[in-house]
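I have placed the structure first, in the form of structure tokens, so that the comments after it can refer back to it.
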Amino acid sequence: MSLMKSSARSPVGSALRATVLALAACAAATAQAQWNQDGYDAAKSYANTAESTLTRQNAAQLSQQWQTMIGQFYASSATQAGGRLFVCSNLHGVSAQAPDTGDMLWSQPNAGVGDCGNPALAGTTAYLVSSAFNTPYRNVLSAVDQPSGNVLWTADLPAGSAYLNLGFGPAVQGNRLYVNTGRSAVLAVDTADGHVVWQASTGGGVVLNNDVAVANGRVFTSTWHECCESAARQLFAFDAATGAQLWARAVD
């Protein structure tokens, strides 16, 4: 069965709803799709090359299967593995839903601090970054057991990783989580206990980071500034093993 997820930020006070669209003809599908992290894979390709059910010819047959309220002010994108959907929201923290019905299987509001970003899945663990903007700017990486929702470990991220963008999720590759912060830092973190393997700088100050992608032994990110500083707009490549900056190039 092919599933497509959609979520977005909404004005304060309105309800956020997660909607799952499924091919009407595939209600009795025997296999669940896997979408383990934001962007599908660590390279953020958004391309499931194994997909064979959903095509250009039958996409018009998509119909809404169910919807459920998951948050009032904030909800992340969803990831999916092991017969569960995983979402972060301000109402439930991180939660697991049944893909066929939307029924909540468990919720874990104490996995970190404040709102959490897109969950990344590997093995039987869900990894997420959460932020408390009044602590000040305390950011916590957490590992949660996928079947039960039990917190396996939490780790505070370094002070230089402030200003996280909750629209991002960690990229998972091997035994590393790659976390891009809203400003200053790109981190490589060990999946076993959350300790920081390396930390690299993208400039800091008013410079803001975009999402991180990992491919061919390199970690990529770009930076921007909301106003007018052209020097802030750069594309970076770091060595995935060491964090050494390989190059930086200006972009329009």
Side-chain angles (χ1 to χ4, degrees), residues 1-11 13-108 115-128 144 146-147 149 165-173 210-215:
M1 178 173 168
S2 298
L3 295 180
M4 300 173 64
K5 281 293 295 182
S6 169
S7 65
R9 295 183 182 274
S10 70
S14 63
L16 286 176
R17 294 184 178 273
T19 302
V20 171
L21 301 179
L23 285 177
C26 296
T30 57
Q32 295 287 352
Q34 304 291 308
W35 194 278
N36 290 306
Q37 52 191 308
D38 184 35
Y40 184 70
D41 51 22
K44 303 300 172 72
S45 68
Y46 286 88
N48 179 1
T49 57
E51 171 59 50
S52 59
T53 302
L54 184 62
T55 67
R56 294 179 182 179
Q57 288 70 36
N58 63 24
Q61 301 171 30
L62 285 169
S63 62
Q64 180 173 296
Q65 184 172 344
W66 54 260
Q67 67 176 16
T68 183
M69 188 176 78
I70 55 174
Q72 290 173 310
F73 311 131
Y74 170 77
S76 74
S77 298
T79 47
Q80 178 175 326
R84 297 174 179 86
L85 295 172
F86 298 90
V87 183
C88 278
S89 70
N90 69 296
L91 282 182
H92 303 292
V94 61
S95 61
Q97 275 81 23
D100 294 333
T101 64
D103 293 340
M104 186 169 291
L105 304 175
W106 54 256
S107 65
Q108 176 55 267
D115 291 327
C116 53
N118 307 327
L121 314 175
T124 59
T125 305
Y127 300 95
L128 51 127
V144 177
Q146 290 181 24
N165 186 324
L166 291 177
F168 299 163
V172 184
Q173 190 172 79
N210 289 310
D211 208 353
V212 64
V214 185

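Each residue takes its place number in the sequence, starting with 1. All figures in this text were calculated on a predicted structure; none of them were measured in a lab.
When atom types are taken as modelled, the side chain of Q108 and the backbone of G93 share no donor-acceptor pair closer than 3.5 angstrom. A donor-acceptor pair is defined here as one N or O able to donate and one able to accept, closer than 3.5 Å; no such pair exists between the side chain of W106 and the backbone of V94. Not a single donor-acceptor pair under 3.5 Å links the side chain of Q64 to the backbone N or O of Q67. With Q146 contributing its side chain and L121 its backbone, the two residues share no donor-acceptor pair below 3.5 Å. Proximity of a side-chain donor or acceptor of S77 to a complementary backbone N or O of N118 within less than 3.5 Å is not detected. Side-chain N or O atoms of Q37 include none that pairs as donor or acceptor with a backbone N or O of G39 at under 3.5 Å.
Applying the side-chain hydrogen bond (donor to acceptor under 3.5 Å, both in side chains) rule to S95 yields the partners Q97; only residues at least two apart in sequence or on another chain are considered.
For the residue pair G169 and D38, the shortest heavy atom distance occurs at N-OD2, 4.2 Å. Residues F86 and A96 come closest through the heavy atom pair CE2-CB, 3.9 Å. The minimum heavy-atom distance linking G117 with L128 is given by the pair O-CB, 4.4 Å. Scanning all heavy atoms of the two residues, the minimum distance from H92 to I70 falls at CD2-O, 3.4 Å. Nearest heavy atoms, A122 versus Y127: CB-CE1, 4.1 Å.
Atoms CG and CG, from L85 and D100 in turn, are 9.0 Å apart once rounded to the nearest 0.5 Å. Atom CG of N58 sits about 8.0 Å away from atom OG1 of T53, to the nearest 0.5 Å.
Put simply, the side chain of S76 reaches to within 4.5 Å of the side chain of P119, judged on heavy atoms.
Here disulfide (SG to SG under 2.5 Å) pairs that include residues 44-87, with residues two or more places apart or in two chains, number zero.
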Side chains of residues 42-50: which donor-acceptor partners sit under 3.5 Å, not counting sequence neighbours?
from: K44; atom 1: NZ; to: D211; atom 2: OD1; distance (Å): 3.3
from: K44; atom 1: NZ; to: D211; atom 2: OD2; distance (Å): 3.2
from: K44; atom 1: NZ; to: V212; atom 2: O; distance (Å): 3.0
from: S45; atom 1: OG; to: D41; atom 2: OD1; distance (Å): 3.1
from: S45; atom 1: OG; to: D41; atom 2: OD2; distance (Å): 2.8
from: S45; atom 1: OG; to: A47; atom 2: N; distance (Å): 3.3
from: N48; atom 1: OD1; to: Y40; atom 2: OH; distance (Å): 3.1
from: N48; atom 1: OD1; to: A50; atom 2: N; distance (Å): 3.1

